[in-house]
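Heads up, the thing below is written out as structure tokens.
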Amino acid sequence: MRRISGFYQSLIGKKAVVACTGLVLLGFLVLHVIGNLKGFLPPAAGGEPDIDVYAHFLRNVGEPLIPHLVVLWGVRIVLGTALVLHVVTVLQLAAHNRGARPIRYRGAEHVAATAPARWMLVTGCAVLFFLILHLLQFTFDALGPPIAPRANFGCVYQNLWEAFQHGGVLLFYVAGMAAVGLHVFHGAWSALQTLGIDNPDRNRGLRAFATGMALFLFLAFLSLPVAMALGVIPEPSAYSAACSASAA
Ligand code: HEM
């Protein structure tokens, strides 16, 4: 235990924690966006939107062996812990850097740093702000009209559809996904460097991976909201009666 705590106290230990938790959160984003893309699939057997069936599956995964919601809460606890560790450790590193350089450089301070690197703290705060409002909107149903029409539990397709009929909500998601993209663009590359995976022979590929990941998340996350806002996919009323009855 003392070894783990000693490792965490060191700068390299903190950087490794930021890198590993960042990669765990990146993994979550990839799974989340794949789940969202199910919004484009035709209705499942029974006429329910495929994305609703998927959300139902997530809540019941493991049953009957594992009780209802237990797996979901297990995943939430792991992700929540990763997020808290990521944020707290980044803040500690930022405080350390500021403490190590009490007098700020003037002028050409950022010669080697790329813009996304300098903006990591800013984009990180923007992602956190987005996440808080996002959870209040869809998970806790705490925002209310007109920002977010009352979310109907289990009716994910309908909830999304109604939310993205509002231009302001769509704009907020575009800005949020831009922050996510910029954060991942530098963060994924930086994490691979911290973990020592970078190497002159591999760096082009690793850079391409980070850029591809950022672009994929930005475009794939926004594809469903934009398609719903433009009405190029079916309205919820075209799907199962249970959810569309309350859509009016
Ligand atoms: C256009 C982008 C996004 C859309 C349309 C979207 C949509 C949704 C929806 C509908 C839910 C609730 C699902 C349900 O009721 O079961 C949800 C949950 C969630 N989303 Fe997103 N999401 C987006 C981007 C993001 C991003 C970028 C993050 C992280 C930074 C994120 C983190 C979460 C989390 C943590 C949950 C709660 C999962 C749970 O514990 O149940 N989402 N999202």
Side-chain angles (χ1 to χ4, degrees), residues 21-40 48-62 68-84 86-87 90 120 123-143 147-185 187-188 213-230 233 236 243 246:
T21 50
L23 290 176
V24 168
L25 296 168
L26 179 62
F28 163 74
L29 284 181
V30 172
L31 293 180
H32 187 356
V33 83
I34 291 173
N36 284 12
L37 291 175
K38 287 179 179 291
F40 287 104
E48 236 186 313
D50 204 78
I51 195 169
D52 290 14
V53 176
Y54 173 64
H56 180 79
F57 160 78
L58 287 183
R59 289 191 185 94
N60 297 292
V61 66
H68 186 55
L69 291 180
V70 166
V71 173
L72 183 64
W73 270 103
V75 174
R76 282 173 173 166
I77 289 168
V78 170
L79 286 173
T81 308
L83 181 66
V84 170
H86 190 77
V87 173
V90 162
M120 280 308 270
T123 54
C125 289
V127 172
L128 205 56
F129 178 67
F130 163 83
L131 180 62
I132 292 167
L133 286 189
H134 178 55
L135 292 182
L136 286 176
Q137 179 179 12
F138 287 117
T139 302
F140 298 108
D141 186 22
L143 292 185
I147 301 171
R150 289 259 76 89
N152 273 308
F153 189 70
C155 299
V156 177
Y157 190 88
Q158 180 194 312
N159 293 337
L160 288 169
W161 177 280
E162 291 185 1
F164 292 119
Q165 300 314 301
H166 298 267
V169 176
L170 183 64
L171 266 182
F172 173 70
Y173 272 76
V174 172
M177 293 314 102
V180 168
L182 282 173
H183 200 72
V184 166
F185 172 64
M213 214 35 138
L215 265 179
F216 166 70
L217 289 177
F218 179 74
L219 295 174
F221 263 129
L222 285 179
S223 59
L224 190 64
V226 169
M228 287 180 158
L230 297 179
I233 53 175
C243 280
S246 46

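One-based numbering, in listed order, for ligands and for the atoms of each.
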Before giving the answer on ring-ring contact (aromatic ring centres under 6.0 Å, His included), spell out for Phe221 and Tyr173 the whole-Å C-alpha distance, their side-chain angles and the decisive distance to 0.1 Å.
CA-CA 9 Å; Phe221 263 129; Tyr173 272 76; 9.1 Å; no

Within a distance under 4.0 Å of any heavy atom of Val156, pick out the atoms of ligand 1 and give their elements.
10 (C), 14 (C), 15 (O)

Nearest non-hydrogen partners of Ala82 and Val24, listed with the distance:
CB-CG1, 4.2 Å

Is there a side-chain contact between Ile233 and Leu224, using heavy atoms and a 4.5 Å cut-off?
yes

Which of the atoms in ligand 1, numbered in the order shown and given with their element, are less than 4.0 Å from a heavy-atom of Pro225?
1 (C)

Just wondering, do Phe130 and Met177 contact through their side chains at under 4.5 Å, heavy atoms?
yes

Evaluate Thr21 against Thr81 for side-chain contact (heavy atoms from CB on, under 4.5 Å), listing each step before the verdict.
CA-CA 9 Å; Thr21 50; Thr81 308; over 6 Å; no

Quick check on contacts: which atoms of ligand 1 are under 4.0 angstrom from a heavy atom of Arg76?
39 (C), 40 (O), 41 (O)

Which of the atoms in ligand 1, numbered in the order shown and given with their element, are less than 4.0 Å from a heavy-atom of Leu29?
26 (C), 27 (C), 28 (C), 29 (C), 30 (C)

Do you know which two heavy atoms are closest between Ala227 and Phe40, and how far apart they sit?
CB-CE2, 3.7 Å

Taking all atoms of both residues into account, what is the closest heavy-atom pair of His68 and Arg59, and its distance?
ND1-O, 3.6 Å

Would you say the side chain of Phe172 lies within less than 4.5 Å of the side chain of Leu133, judging by non-hydrogen atoms?
yes

For Ser223 and Leu37, work out which heavy atoms get closest and say how close.
OG-CD2, 3.5 Å

Identity and distance of the protein heavy atom lying nearest atom 26 (C) of ligand 1:
Phe130 CE2, 3.5 Å

Is there at least one protein heavy-atom neighbour under 4.0 Å from atom 29 (C) of ligand 1?
yes

Angle class for the His32/Phe28 ring planes (parallel below 30°, perpendicular above 60°, tilted otherwise)?
tilted

The atoms of ligand 1 lying under 4.0 Å from a heavy atom of Val180, numbered in the order shown, are 27 (C)

Note: Leu160, heavy atoms under 4.0 Å from ligand 1, region reported as side chain

Audit row: Phe216, Val33, side-chain contact (heavy atoms from CB on, under 4.5 Å) steps and yes/no:
CA-CA 9 Å; Phe216 166 70; Val33 83; 3.6 Å; yes

Quick one: are Phe138 and Leu160 in side-chain contact, heavy atoms under 4.5 Å?
yes

For distances below 2.8 Å, what is the count of protein N, O or S atoms around atom 21 (Fe) of ligand 1?
2

Any Leu224 heavy atom less than 4.0 Å from ligand 1:
no

Measure Phe221 to ligand 1 on non-hydrogen atoms and call it side chain, backbone, both or neither using the 4.0 Å cut-off.
both

Which residue and non-hydrogen atom of the protein lie closest to atom 15 (O) of ligand 1, and at what distance in Å?
Arg59 NH2, 3.2 Å

Under a 4.0 Å heavy-atom limit, does Leu217 contact ligand 1 with its side chain, its backbone, both, or neither?
neither

